[in-house]
Amino acid sequence: MSAGVGVDLENLWIRFGDFVAVRDANVHIKGGDFFSFLGPSGCGKTTILRAVSGFLEPSEGNVLIGGNNMKGIGPNKRPTALIFQNLALFPLMKVWENITFSMEIKGASAKERRKRADELLDMIALPGQGDKLPSELSGGQRQRVAIARALCAEPHVLLLDEPLSALDLKLRQHMRTELREIQQRVGITFIYITHDQGEALTMSDDIAVMRAGVIDQIGDGKTIYNDPATAFAASFVGENNVFRGKVLEVNGNEALIRTNRSGDLRSRISTANIGKMKVGDDAMMFIRPEALDLAPTGTKGENFVTAQVTHEEFEGNSFNIFMEGDGGKEIKVAIPNVGQSFDDHTGQAMTLEYEVDNAVVVPAGELAAE
Amino acid sequence: MNNPVIRISIWVYLAIFFAYLLGPLVIMSITAFNSPSFPRATPWECLTFEWFSALFRDERILNGIKNSILVGIGTIILSVSMGLAGALMLTQIWPKLRATYYTVIIAPILIPGVVLGISTLVFWDRINRMLGLGADSVLSNGLFLTIIGQSTFIASYCMLVLVARLQRYDLALTEAALDLGATHAQAFRKILLPFMRPAIASAAVLAFLASFENYNTTTFTFGEYPTLTIELAQKVRYGITPAISALAFMIVVLTVFAALFNEANIKRKEVLAKARRDGATVGEVSGGVKLPGFFTGNAAAVALVVFAIATIAVVGTATVYNPKQCIANVQEQKRLETERRIQELREQRKRDAEAKAAKDAAEGATTTAPRPSNDSGFGGVFAPGTLQGDDETAPPEDQEPSDNSGFGGVFDPTNIGGGD
Ligand SMILES: Nc1ncnc2c1ncn2[C@@H]1O[C@H](COP(=O)(O)OP(=O)(O)OP(=O)(O)O)[C@@H](O)[C@H]1O
Ligand SMILES: [Mg+2]
């Protein structure tokens, strides 16, 4: 297998008429990495992939693959292979012909192709299925054939456009591990697109969070989850409780926020915003449901929140309490189910406690849609 | 639907409908096997295959068929490629222009064929002259002009057929091919064309049929290459023979055969696809032992086999059957009949003359022969045929046709056309 090469996007702009689909993207992807673009539907993820694979010329800026500028180089000349959102398997070709299409183009003999197809079919755990038509395979099998077809072209960069979105949950989880394994085995660069944050977190070395054509943050899963740079990243990746307010004071990497409903709360400032947040700025503070804990009712302080319980639910691994929150949004508290008994608190006021380090504050901004 | 009146009227309606659709074809097919030299189904004289041999001896018809096939092939190639180009263009063009483009490209279907024929002729004549070429150049060649002229509108038909399929094509397939290293030409040849193949086949058949039957346009452009329709039209002007029925019969047979074959083939594919889905191997389904299984539920295949056997039987009979004796008998009978009638006529005249002499009156002009006693099954019916003048034993022209046969009169109007 070919070694992975790096991909760089430099000041990349892509416009469709007046509409800006990608705005000034700057991304450095290391060779051999599993890199994900994570963002809601319509934020420009596919557009970026199409620019990398050569189906779209950037309006401005450059795409570099392995350090080479790809300007003017067509998709059939780039060392990339794209797995389409709808897979785009050739419906009239058998599985083995599909897989080895890239060899047929180069004039390989049927025998060579058969041999290579069998190797790849073994790798994707579909031995002996080469003579079927794509329509005779299940969704997950088709998925794997698409991967094999792309790998057969021996690309340096494999681009995957939400390849798991059509699968059911179980299969999706299974394919996540499988994809990650394949990537580690072949060692080439994977650029993966998804709007599922679970997928991005479990598989990726690095993640770029996108919102409406803009890349909000790039970092590994832990950074994105624990140390979001924007309100959007904080609210899009995983569940999060938001507290709106204004910055009251800043002490180094901590700030005191005067929230609209819950009094003054202390929080860590997210790394990307240290030094940028000033007293009086509009701010948003985020605390994960699992970072909140029950405290003795009525306790006051800079890390205590008191609110009315609206309803509760039992989720199996956790017991969730929902409380009246800011701007119509509820505050969710997840208490791990480790055998203790729970009372029904509906209608009562309850006090919650958190570690200042587990709260993060960012400048006020757009939140992800629910 | 349960009302018997409604049900019966539906059946009656269907019967009338199919009689209307297929009746002429059936009658015409029968005439191809009847011996009289004017195409007629009744009375049945003798079974003959003479008209088929007559057909294959007719140089002009054969030449017409040859030209029609040449023109058909040319039209297929030109129309299908233009249609495909047009269809591809339709999917690529800016959405705003699409409606306009569609109208323009469909317009030739709406323009009368005569206009297309004249314009083709005038247009290429102009070009021919502008290039300073003579009357024998390619551009004024009948074959070239006919193909070009017919393709002007047949290409539009082809485009309609192709667009329908193209709309179901996923452009991502072409992109996938490019992404895997194919050039645009390779992606077109290996991905798009195979996908379009069924539609291309339909378009080709459509183009051939449209070309084969075209008269309006061709009549202006055929030059030295009269097609079959042109030849037939010219023949009909001088009267037709059952040889043309024979030709028509063959066309009908070929069409039915092709249709049945196609239907059977589709059914077969369905059966195979189902079997594949059910996990059986192809061999199990199409293998010799299981073949009868494939016939069950495939009415078309059964019909095809019956049809093929019938055809073989007919051709077999034709090679051994000799209608000469029958024809001789009929002619002998005709001769006797005619003689008898001449005799009758003479007697009648004699009696008339006697009466005239006796009465010497103006009303004696009645020439009506007494109705011949309908003693012969053929008697009255042959009389109309005699009007054609194609019978050596024809009686004098002044003989009155006897209209006592239910059929005799029916053919009269056509008989005026005369034989050849
Ligand atoms: N060819 C085009 N012409 C005009 N606008 C386009 C075109 N392609 C994409 N867009 C617009 O660009 C934006 C981003 O599209 P893109 O396909 O990249 O979204 P995405 O992030 O892949 O979404 P999804 O998760 O739904 O696939 C969308 O608003 C879309 O309407
Ligand atoms: Mg997309």
Side-chain angles (χ1 to χ4, degrees), chain A residues 17 46 49-50 52-56 73-94 97-108 113 129 131-138 145-155 157-161 163, chain B residues 84 91-97 162 164-202 265-266 268-287:
Chain A
T46 299
L49 265 210
R50 292 176 66 81
V52 174
S53 54
F55 290 112
L56 267 177
I73 296 180
N76 44 2
K77 298 272 186 299
R78 297 193 183 191
T80 58
L82 175 59
I83 294 177
F84 288 76
Q85 201 157 0
N86 63 357
L87 301 186
L89 292 178
F90 305 129
L92 303 179
M93 291 187 194
K94 291 185 175 150
E97 293 171 312
N98 257 288
I99 292 179
T100 55
F101 183 78
S102 53
M103 297 171 72
E104 187 192 346
I105 291 301
K106 293 191 199 109
R113 293 173 57 200
Q129 310 260 33
D131 281 315
K132 287 191 172 172
L133 286 173
S135 58
E136 294 164 352
L137 296 179
S138 76
V145 171
I147 293 167
R149 182 178 73 175
L151 290 177
C152 184
E154 309 208 331
V157 181
L158 188 68
L159 310 168
L160 303 99
D161 193 351
Chain B
L84 185 58
T91 59
Q92 305 279 308
I93 204 167
W94 295 297
K96 266 186 209 156
L97 276 180
L162 294 170
R165 175 110 182 133
L166 203 54
Q167 273 167 348
R168 288 197 286 134
Y169 181 71
D170 182 4
L171 266 185
L173 294 180
T174 297
E175 292 189 339
L178 292 178
D179 192 61
L180 293 168
T183 60
H184 283 272
Q186 281 172 322
F188 179 77
R189 202 155 41 82
K190 291 184 187 288
I191 307 296
L192 183 60
L193 269 193
F195 178 83
M196 293 299 291
R197 190 172 294 142
I200 289 176
S202 311
N265 211 17
I266 289 171
R268 179 176 167 274
K269 283 210 181 109
E270 276 170 14
V271 171
L272 283 188
K274 188 169 177 296
R276 273 176 79 95
R277 243 177 287 124
D278 296 347
T281 63
V282 182
E284 273 174 54
V285 182
S286 60

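For the numbers below, each heavy atom of this structure counts, side chains included, while hydrogens, waters and symmetry mates do not. Quick note on labels: first sequence line is chain A, next is B, and so on, each numbered from 1.
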query = Out of B:Gly181, B:Ala187, B:Pro194, which one racks up the most heavy-atom pairs below 4.5 Å with chain A?
reply = B:Gly181
ask   = Which bit of A:Leu89 is near chain B, if near means a heavy-atom gap under 4.5 Å: side chain, backbone, both or neither?
value = backbone
query = About how many Å separate CZ of A:Arg50 and CG of B:Asp179, when rounded to the nearest 0.5 Å?
reply = 10.0 Å
request  = Tell me, for B:Gln186 versus chain A, whether the close heavy atoms (under 4.5 Å) come from the side chain, the backbone, both or neither.
outcome  = side chain
Residue A:Lys132 versus chain B: region with a heavy atom under 4.5 Å = backbone
message = Which one wins on heavy-atom pair count under 4.5 Å against chain B: A:Lys77, A:Glu104, A:Gln85?
response = A:Glu104
ask   = Where do B:Ile191 and A:Met93 come nearest, in terms of heavy atoms and distance?
value = CD1-CE, 3.5 Å
Heavy-atom pair with the smallest gap, counting every atom of B:Ala176 and A:Ala88 = CB-O, 4.0 Å
inquiry  = Report which part of A:Phe84 has an atom under 4.5 Å of a heavy atom belonging to chain B: side chain, backbone, both, or neither.
reply    = side chain
ask   = Where is the tightest heavy-atom contact between A:Asn76 and B:Ala182, given as atom of each residue plus distance?
value = ND2-O, 2.9 Å
Contact class of A:Leu82 relative to chain B, heavy atoms under 4.5 angstrom = both
query = In Å and rounded to the nearest 0.5 Å, what is the OG1 to CG distance from A:Thr100 to B:Leu180?
reply = 10.5 Å
query = What is the distance from atom CZ of A:Phe90 to atom NZ of B:Lys190, rounded to the nearest 0.5 Å?
reply = 11.0 Å
ask   = Checking A:Thr80 against chain B: side chain, backbone, both or neither under 4.5 Å from a heavy atom?
value = both
inquiry  = Less than 4.5 Å to any heavy atom of chain B: does that hold for the side chain of A:Ala153, its backbone, both, or neither?
reply    = side chain
